Undergrad: 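Quick one: the structure is below, questions incoming.
Since we're looking at a predicted model, the values are computed, not measured. By convention in this document, chain letters (A, B, ...) are assigned in the order of the sequence lines, proteins followed by strands, and residues within each chain are numbered from 1.
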Amino acid sequence: MENFFQKVYNLVLQIPSGKVATYGQIAFLLGSGRSARIVGWAMKAAPEDLKLPCHRVVNIQGELAPDYAFGDKSVQRTILENEGITFLKNDKINMKKHLWQGISLTSNSN
DNA sequence: CGCGCGGCCTAGC
DNA sequence: AGCTAGGCCGCGC
């Protein structure tokens, strides 16, 4: 039985390069759309050895994590750009284009 | 072991 | 567009 955190890690690890997911989406997939905050906490509590692509996890507005997440917003942005993510002029991720929809409807194997 | 708070959020006012 | 309130779980005391 995995904890909520473990579930979060599992989902986040399933996010492919060039795609991004929102905390709310992940939380929803976990069965709790309100627990998006826990997802965020899971990021900070995520062990480095998991190589959790927390940079692919952003809020629903497409904004990057606060500066204290990666130490600097530019870092996360650079990583995402390297992943193929495109940004809007307002420094937000183009959610319309890169929002991860890998699970939701297709196959709920997990 | 139990209560309390805080958090990379979200929706509502 | 900015702030408050809200539901959830892990960690600290």
Undergrad: Within this structure, what is the CD1-to-P distance between A:Ile26 and C:dC8, rounded to whole angstrom?
TA: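 That distance rounds to 18 Å.
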
Undergrad: If you link ILVMFWY side chains whenever their heavy atoms are less than 4.5 Å apart, which other residues fall into the same cluster as A:Phe70? By chain and number, please.
TA: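 Under the 4.5 Å side-chain rule, A:Phe70 groups with A:Val75, A:Ile79.
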
Undergrad: Within residues 58-67 of chain A, which residues have any heavy atom lying less than 4.0 Å from an atom of DNA chain B?
TA: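 By residue number: A:Asn59, A:Ile60, A:Ala65, A:Pro66.
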
Undergrad: Can you sort out the partners of A:Lys44 under side-chain contact (heavy atoms from CB on, under 4.5 Å), two or more places apart, ordered by chain and number?
TA: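 Checked A:Lys44 against side-chain contact (heavy atoms from CB on, under 4.5 Å); matches are A:Trp41.
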
Undergrad: Any heavy-atom pair between the side chains of A:Arg56 and A:Val12 that's under 4.5 Å?
TA: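 No. Closest side-chain heavy atoms not under 4.5 Å.
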
Undergrad: Any chance you could measure A:Lys97, atom NZ, to A:Thr86, atom OG1, to the nearest 0.5 Å?
TA: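 With rounding to 0.5 Å, NZ (A:Lys97) is 4.5 Å from OG1 (A:Thr86).
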
Undergrad: Indicate, with yes or no, if A:Leu99 and A:Leu80 share a hydrophobic cluster defined by side-chain heavy-atom contacts under 4.5 Å among Ile, Leu, Val, Met, Phe, Trp and Tyr.
TA: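 Yes.
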
Undergrad: Hey, can you pull the residues of residues 78-90 of chain A with a non-hydrogen atom under 4.0 angstrom from DNA chain B?
TA: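 When residues 78-90 of chain A is checked for heavy atoms under 4.0 Å from DNA chain B, there are no hits whatsoever.
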
Undergrad: Where the side chain of A:Asn3 meets the backbone of A:Phe5, is there a donor-acceptor pair that is under 3.5 Å apart?
TA: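 The answer is no, because no donor-acceptor pair under 3.5 Å joins these two groups.
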
Undergrad: Identify which one of A:Gln76, A:Lys92, A:Glu63 satisfies the side-chain contact (heavy atoms from CB on, under 4.5 Å) criterion when paired with A:Val58.
TA: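 Filter result, single survivor: A:Gln76.
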
Undergrad: Tell me whether A:Val57 shares a hydrophobic cluster with A:Leu13, the cluster being built from Ile, Leu, Val, Met, Phe, Trp, Tyr side chains joined at under 4.5 Å.
TA: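 Looking at the clustering, A:Leu13 is in the same group as A:Val57.
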
Undergrad: For the residue pair A:His55 and A:Glu83, establish whether any side-chain heavy-atom pair is separated by less than 4.5 Å.
TA: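 Yes, their side chains come closer than 4.5 Å.
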
Undergrad: Tell me: CE of A:Met43 to P of C:dG10, nearest whole Å?
TA: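 Spelled out: CE on A:Met43 to P on C:dG10 is 14 Å.
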
Undergrad: Which two nucleotides bound the region of DNA chain B that has atoms under 4.0 Å from heavy atoms of chain A, read 5' to 3'?
TA: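 Reading along DNA chain B, I get B:dG6 to B:dA11.
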
Undergrad: Determine the contact category for A:Phe5: base if any of its heavy atoms lies under 4.0 Å from a base atom, sugar-phosphate if only primed atoms, P, OP1 or OP2 are that close, otherwise nothing.
TA: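 Sugar-phosphate contact only - A:Phe5 comes under 4.0 Å of backbone atoms but never of a base.
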
Undergrad: Taking Watson-Crick and G-U wobble pairs with both distances under 3.5 Å, convert DNA chain C into its dot-bracket string, 5' to 3', dots for unpaired and | for cross-strand pairs.
TA: .|||||.||||||

Undergrad: Would you kindly compare A:Arg34 and A:Val39 by the position of their nearest DNA chain B nucleotide and give the one closer to the 5′ end?
TA: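 Between the two, 5'-proximity favours A:Val39.
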
Undergrad: Of A:Ala36 and A:Ala45, whose nearest nucleotide on DNA chain C comes first from the 5' end?
TA: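 Here A:Ala36 is the residue nearer the 5' end.
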
Undergrad: Answer yes if A:Ile38 and A:Leu50 sit in the same cluster of Ile, Leu, Val, Met, Phe, Trp and Tyr residues linked by side chain heavy atoms under 4.5 Å apart, and no otherwise.
TA: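 They do share one cluster, since a chain of ILVMFWY contacts under 4.5 Å joins A:Ile38 to A:Leu50.
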
Undergrad: Let me know, please, whether A:Phe4 or A:Arg37 comes out on the 5' side of the other along DNA chain C by nearest nucleotide.
TA: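 Nearest-nucleotide comparison on DNA chain C picks A:Arg37.
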
Undergrad: Below 4.5 Å, heavy atoms only, C-beta onward: do A:Met95 and A:Ile60 meet side chain to side chain?
TA: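 A:Met95 does not reach A:Ile60 side chain to side chain.
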
Undergrad: Is there a path of hydrophobic side-chain contacts, each under 4.5 Å between heavy atoms of I, L, V, M, F, W or Y residues, that connects A:Leu30 with A:Leu52?
TA: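 Same cluster.
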
Undergrad: Please report the C-alpha distance between A:Asn94 and A:Phe87 in whole Å, then the side-chain angles of each, then the deciding distance to 0.1 Å, and finally whether the side chain to side chain contact (heavy atoms under 4.5 Å, CB included) criterion is met.
TA: CA-CA 5 Å; A:Asn94 191 347; A:Phe87 282 76; over 6 Å; no

